[in-house]
Amino acid sequence: MTNPLLHPAAVLFAGSKPLPVIPAVDHYCGAEKQMRKALSLQHSLGPVFDITLDCEDGAVAGSERAHAEMVGALIASSDNHFGRIGARIHDITHPHWREDLELIVAAAGARLAFLTLPKPRGAADVKTLLTALREAESRHGLQREIPVHVLIETHGALHQVWQIAALPGVESIDFGLMDFVSEHQGAIGAAALKSPGQFEHPLIARAKADISAAAIAHAVIPTHNVTTALDDPRIAFEDARRAREQFGYLRMWSIHPNQIEPILQGMRPTANDVEDASLILAQAQDAQWGPIRVGTQLHDRGSFRHYWNLLLRARATGMNIPHAAEQRFFKTQSAN
């Protein structure tokens with residue numbers, strides 16, 4: 001009797017936690033007009049990018065409550081076609097952060113993809129947010145835990161990034177470059193706010209590497225900071241490519257619609273890598289995930305995990321993968 005083919009997700013991560021599979025672009029918008037345009041674009045392109053509706057920088061002082069109510073209503077609306085819309089609230093030193101959380105969870109908790117916390121001073125601030133969020137979920141009868149994304153923008157948060165990444169419920173660790181540079185009170189020059197300086201200044205490169213290492217070690221997605229150049233999409237592409245290839249980032253912020261596709265391209269593996277991954281994984285599955293030889297190379301579960309994650313990342317960035325691999329590994333998921 002032939003043994004059934006085992007799916008890689010059921011075999012390759014025994015005893016370990018796989019990385020979450022979420023889109024490789026997180027598109028930020030703060031004004032209602034921009035939010036509605038982003039929702040329309042997501043409907044057109046599909047769930048290849050997330051949207052974060054911003055209550056921190058987006059809300060006009062004195063209108064925080066109305067802004068949070070608007071954000072909650074948009075997330076709960078029929079315009080949220082894919083359930084891939086999150087929200088950023090104020091930091092926990094701001095008098096409105098709890099109200100942001102309460103209003104958004106009450107209005108849209110069942111459909112909220114994630115909640116982003118800016119400017120934590122350390123792990124204690126993230127724990128405070130997580131406790132308040134879990135209490136709000138219980139209060140409003142939610143049957144799910146909303147994932148939390150954490151922005152690393154302060155010295156204290158960077159110092160404790162490993163503790164933050166280890167907290168249950170954290171899905172993404174994001175780097176806030178501009179506020180992090182500002183925290184240095186002029187000790188880092190403005191050239192570090194853009195490329196190539198942001199990848200070459202030792203203090204910034206160290207922060208990027210520390211965040212990525214801590215995130216991946218705890219099966220959390222590392223998310224790269226924005227590209228501030230809005231008029232040249234090639235810069236967003238190069239920043240995304242460099243963030244992925246040199247620092248291990250798997251996701252990046254967008255702050256303008258014309259950055260979304262270049263970032264997706266920069267985050268994608270090559271077509272050749274996708275072909276290789278599909279071939280190796282198919283042969284591994286046929287061999288019941290024992291060691292195999294492909295050409296002159298030996299592969300085992302260590303490389304199988306690498307290629308499975310590569311294939312997942314390819315799909316998350318909207319790439320077409322070989323039909324045979326789609327049928328073999330994703331047919332059930334697509335049917336659902």
Side-chain angles (χ1 to χ4, degrees), residues 19 21-29 34 38 41-42 45-52 149 151-153 158 172-182 184 188-216 220-277 306 309-321:
L19 283 165
V21 180
I22 58 176
V25 178
D26 186 2
H27 179 64
Y28 262 69
C29 39
Q34 296 168 338
L41 183 60
Q42 189 188 58
L45 297 179
V48 294
F49 69 95
D50 281 346
I51 300 170
T52 296
H149 296 189
L151 255 169
I152 305 299
E153 304 176 272
L158 181 63
S172 175
I173 300 289
D174 306 0
F175 184 39
L177 173 64
M178 288 184 281
D179 281 287
F180 185 73
V181 170
S182 176
H184 285 77
I188 297 177
L193 292 171
K194 57 185 180 180
S195 297
Q198 66 160 314
F199 294 105
E200 296 173 354
H201 192 288
L203 290 174
I204 303 302
R206 166 182 164 267
K208 288 180 190 281
D210 285 354
I211 290 167
S212 179
I216 293 171
V220 169
I221 294 293
T223 299
H224 195 257
N225 54 270
V226 302
T227 293
T228 56
L230 302 180
D231 296 332
D232 189 349
R234 293 174 300 176
I235 297 176
F237 166 77
E238 286 296 336
D239 285 353
R241 181 194 60 79
R242 195 165 182 181
R244 175 177 62 84
E245 292 181 355
Q246 297 182 5
F247 291 90
Y249 281 80
L250 302 175
R251 180 170 159 104
M252 180 170 160
W253 282 21
S254 157
I255 53 172
H256 192 282
N258 69 13
Q259 294 181 335
I260 294 171
E261 181 58 31
I263 293 172
L264 281 172
Q265 291 178 9
M267 284 286 164
R268 284 172 180 152
T270 68
N272 286 340
D273 285 344
V274 172
E275 290 280 353
D276 290 345
H306 167 79
N309 281 316
L310 187 149
L311 211 57
L312 290 173
R313 192 170 78 245
R315 293 183 90 246
T317 56
M319 290 184 74
N320 292 322
I321 66 171

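A donor-acceptor pair is defined here as one N or O able to donate and one able to accept, closer than 3.5 Å; no such pair exists between the side chain of S212 and the backbone of A209. Panel note: side chain Q42, backbone F49; a donor-acceptor pair is recorded below 3.5 Å.
Using the six-membered ring where Trp is involved, Y28 and W253 have ring planes that are parallel, under 30° apart on the 30 and 60° scheme.
A distance of 10.0 Å separates CG in N225 from CG in L151, rounded to the nearest 0.5 Å. Summarising the geometry, atom NE2 belonging to H184 is positioned 12.5 Å from atom CG belonging to D179; distances are rounded to the nearest 0.5 Å. Rounding to the nearest 0.5 Å gives a distance of 5.0 Å between CG of L250 and CD1 of I221. Separating the OG atom in S172 from the CG atom in D26 is a distance of 7.5 Å, to the nearest 0.5 Å. Atom CG of L193 and atom CE of M178 lie 7.5 Å apart (nearest 0.5 Å). Here the CD atom belonging to Q198 is positioned 8.5 Å from the CZ atom belonging to F247, to the nearest 0.5 angstrom.
Residue N258 comes nearest to P233 through the heavy atom pair O-CB, 3.8 Å, listed as atom of the first residue, atom of the second, then distance. The two residues G248 and I216 have their closest heavy-atom pair at O-CD1, 3.5 Å. Heavy atoms only, all atoms of each residue included: P23 and P47 are closest at CG-O, 3.5 Å. Here the closest heavy-atom approach between residue I263 and residue A24 is recorded as CG2-O, 4.3 Å. Minimum interatomic distance between Q259 and A229 (heavy atoms only, all atoms of both residues): NE2-O, 3.3 Å. The shortest non-hydrogen separation linking F180 to L203 is CE2-O, 4.3 Å.
Using a 4.0 Å cut-off between charged nitrogen and carboxylate oxygen, D50 and R251 count as a salt-bridge pair.
At least one side-chain heavy atom of R242 sits under 4.5 Å from a side-chain heavy atom of P196. The side-chain heavy atoms of F175 and I204, taken from C-beta on, include a pair separated by under 4.5 Å. L41 is listed as a side-chain neighbour of I260, based on a closest heavy-atom distance under 4.5 Å. Contact of the Y249 side chain with the R244 side chain is not registered, since no non-hydrogen atoms from C-beta on lie closer than 4.5 Å. With a 4.5 Å cut-off on side-chain heavy atoms, V226 and T228 count as touching. For the pair P262/R234, no side-chain contact is recorded, criterion being any heavy-atom separation below 4.5 Å from C-beta on. Side-chain contact between V25 and M267 is absent, with no heavy-atom pair separated by less than 4.5 Å. In this structure, T227 and M252 have side chains that are in contact, with non-hydrogen atoms separated by less than 4.5 Å.
Under the salt bridge (Lys or Arg N to Asp or Glu O under 4.0 Å) criterion, D174 pairs with no residue, sequence neighbours left out.
For the pair K208 and F199, the cation-pi criterion (under 6.0 Å, within 45° of the ring axis) is fulfilled.
For the salt bridge (Lys or Arg N to Asp or Glu O under 4.0 Å) condition, the pairs that include at least one residue of residues 267-277, sequence neighbours left out, are E261-R268.
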List the steps, then state whether side chain to side chain contact (heavy atoms under 4.5 Å, CB included) holds for I173 with I152. CA-CA 7 Å; I173 300 289; I152 305 299; 3.5 Å; yes
Assess whether side chain to side chain contact (heavy atoms under 4.5 Å, CB included) is satisfied between V274 and M319, documenting all intermediate values. CA-CA 9 Å; V274 172; M319 290 184 74; 3.8 Å; yes
Go through the steps to decide whether T52 and H27 satisfy the test side chain to side chain contact (heavy atoms under 4.5 Å, CB included), and finish with yes or no. CA-CA 6 Å; T52 296; H27 179 64; over 6 Å; no
Between Q34 and H256, does the side chain to side chain contact (heavy atoms under 4.5 Å, CB included) criterion hold? Intermediate values first, please. CA-CA 9 Å; Q34 296 168 338; H256 192 282; over 6 Å; no
